[in-house]
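First the structure, in the form of structure tokens, and then the observations on it.
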Amino acid sequence: MRAVRWLIAIVVIASVCWLFPLFHVMSLKTATAEKVAATFNATQFAEMFWTNQLPTALEKTVTAKTLLPAFQSDAAAAKKKFSRSVGLSEGYFYFLRGEGKILSVSDDEVSLAVTEGSTNAEVSLQTGLIFGNALRDGTGLLSANDYPNSQDFNDISAALNHIVETRTLPKLREQAKVGAKISFVGCAEVGDEATDLKPLKVIPFQTKTE
Amino acid sequence: MNAKELLKKLQPLIALVVMVVAMSLLSDKFLTFANQRNILLQISVNLCLSIGMTLIILTGGIDLSVGAMLGLAGAVAAGLLKNGLALKVFGVVLQFTPFGAIVAGILIGLALGFFNGIAITRFKLPPFVATLGMLSIARGLTMLWTGGFPVTDLGSQFGFIGAGFFLGVPMAVWISAALVAIFYFISKRTTLGRYIYAVGGSEKATAFSGINVNRVKIWVYALGGALAAVAGLIVTARLDAADPKAGLGYELDSIAAVVIGGTSLSGGRGSILGTVLGCLIIGVLNNGLFLLDVSPFWQQVVKGFVILAAVAADKLGSRKE
């Protein structure tokens with residue numbers, strides 16, 4: 001009787017496993033290849049973003065000449081009109097472009113005046129190590145909701161920062177001379193409480209000196 | 001059954017009714033459908049754990065490792081589903097289906113519970129010590145398996161058991177309700193159920209009457225492990241991620257629900273339905289205090305006093321008998 005019970009149990013379990021398979025057997029090679037293909041490659045993504053998406057977004061920038069006086073006269077209105085924020089973040093991002101005259105050059109920044117005749121640093125292009133998410137979040141082209149894994153989204157920031165550190169900044173450091181004219185496109189992150197943007201710390205995407 | 005005994009049996013139900021009435025008077029949101037559904041969803045995990053804990057406490061034992069087993073079962077299921085199981089010797093990977101991952105998770109819980117049972121019956125370790133050891137083992141294994149990182153993005157099929165709905169009711173609630181029905185039947189209508197009460201009532205007398213006490217205990221701890229695994233699968237599916245720290249401190253909530261539900265810590269007295277009431281009391285208490293904007297620190301204090309009151313009532317009752 002006991003043997004029959006066991007037999008019935010085995011038959012039932014085998015049938016369930018046949019109807020609803022517990023697993024599929026794959027070769028180690030195929031599984032590894034599939035896993036690599038499915039893994040998000042932030043470096044590759046950042047490269048595509050840099051080459052394809054970013055150039056098309058440049059028209060969304062606000063000029064420094066517009067932003068700085070607007071912020072000076074009504075910070076709240078300027079923030080509302082020109083900035084964007086992400087999630088619960090207390091910081092605001094600006095995607096801007098401008099041109100000005102280089103006033104000073106140090107190890108980690110290039111200071112410039114963007115208003116005609118000004119002798120005060122109004123914009124500071126950051127040339128040291130880059131941290132944070134200004135480049136990723138400032139353009140408004142990428143949304144965290146498109147990435148199921150927040151780690152992937154964070155990796156994009158690191159990859160974009162790396163591109164700027166290795167491509168844009170060495171050229172800028174080399175060409176930046178006091179008195180030279182420079183044009184730039186970049187992103188800036190400003191704290192919620194800020195009432196004065198000057199000098200606005202900008203992480204540059206592109207720079208061109210004359 | 002005289003009036004006194006009836007009153008004692010109905011204590012948890014009376015406490016629940018009083019709390020529901022009080023909360024509904026104090027907060028207009030308490031009795032809304034969404035909030036009631038939320039309470040049921042919140043207690044479903046504790047209910048799964050507490051059913052197993054009830055069986056264990058009925059035999060006079062205790063299991064401190066249910067929270068850790070919950071974490072390990074969830075992590076194993078998530079890992080097998082996401083990464084599969086590589087058998088490098090054969091050059092193959094077993095890529096688990098959601099059903100396979102669920103079965104594997106439950107088997108892990110069953111095996112750990114079985115190990116607890118063996119340690120308690122064969123090696124004569126006190127349940128407190130044996131399950132405390134298992135708590136540490138399971139936590140360590142979870143960290144080893146996950147590397148300390150959450151396993152995320154498990155897919156909608158697996159997620160359905162924790163985040164899905166059927167007839168407008170969360171799947172987690174259906175699962176816990178089904179388990180209540182099954183284990184109520186087992187405890188009241190099967191030989192194993194009668195043996196569980198007998199072992200808790202008097203282990204010696206049960207052994208003298210020819211019942212294999214050790215086998216009953218091993219079964220009970222194994223079932224407790226399997227139910228902890230089901231709870232782990234629900235938590236993992238609901239979050240769409242296996243957190244290596246999942247289930248931390250859950251054993252205390254589970255023991256509290258069982259005790260508040262009227263099950264005696266010395267074994268032999270109590271029921272699955274009492275535990276359901278215990279879980280509801282804790283759920284209503286948590287939810288009500290939250291709606292009343294009571295600080296979470298005070299919520300813990302209040303919960304502690306409720307547990308103390310339940311145990312004191314049980315002890316006083318036993319002394320009078």
Checklist entry - CZ of Phe114(B): more than 12 outside heavy atoms within 6.0 angstrom? => result no
Item to check | Shortest non-hydrogen contact between Phe20(A) and Phe99(B), atoms and distance | outcome: O-CD2, 3.3 Å
Checklist entry - So which of Val103(B), Thr152(B), Thr97(B) has the biggest tally of heavy-atom pairs under 4.5 Å with chain A? => result Thr97(B)
Checklist entry - For atom OH of Tyr184(B), is the number of surrounding heavy atoms from other residues, nucleotides or ligands below 6.0 Å larger than 12? => result no
Item to check | Glu99(A) atom CD, neighbour heavy-atom count above 12 within 6.0 Å | outcome: no
Next on the checklist: Within the structure provided, determine whether Val92(B) and Met26(A) are in side-chain contact (heavy-atom separation under 4.5 Å).
Outcome noted: no
Next on the checklist: More than 12 heavy atoms of other residues, nucleotides or ligands under 6.0 Å from CZ of Phe115(B): yes or no?
Outcome noted: no
Checklist entry - Can you find a heavy atom in the side chain of Lys35(A) that is under 4.5 Å from one in the side chain of Asn83(B)? => result yes
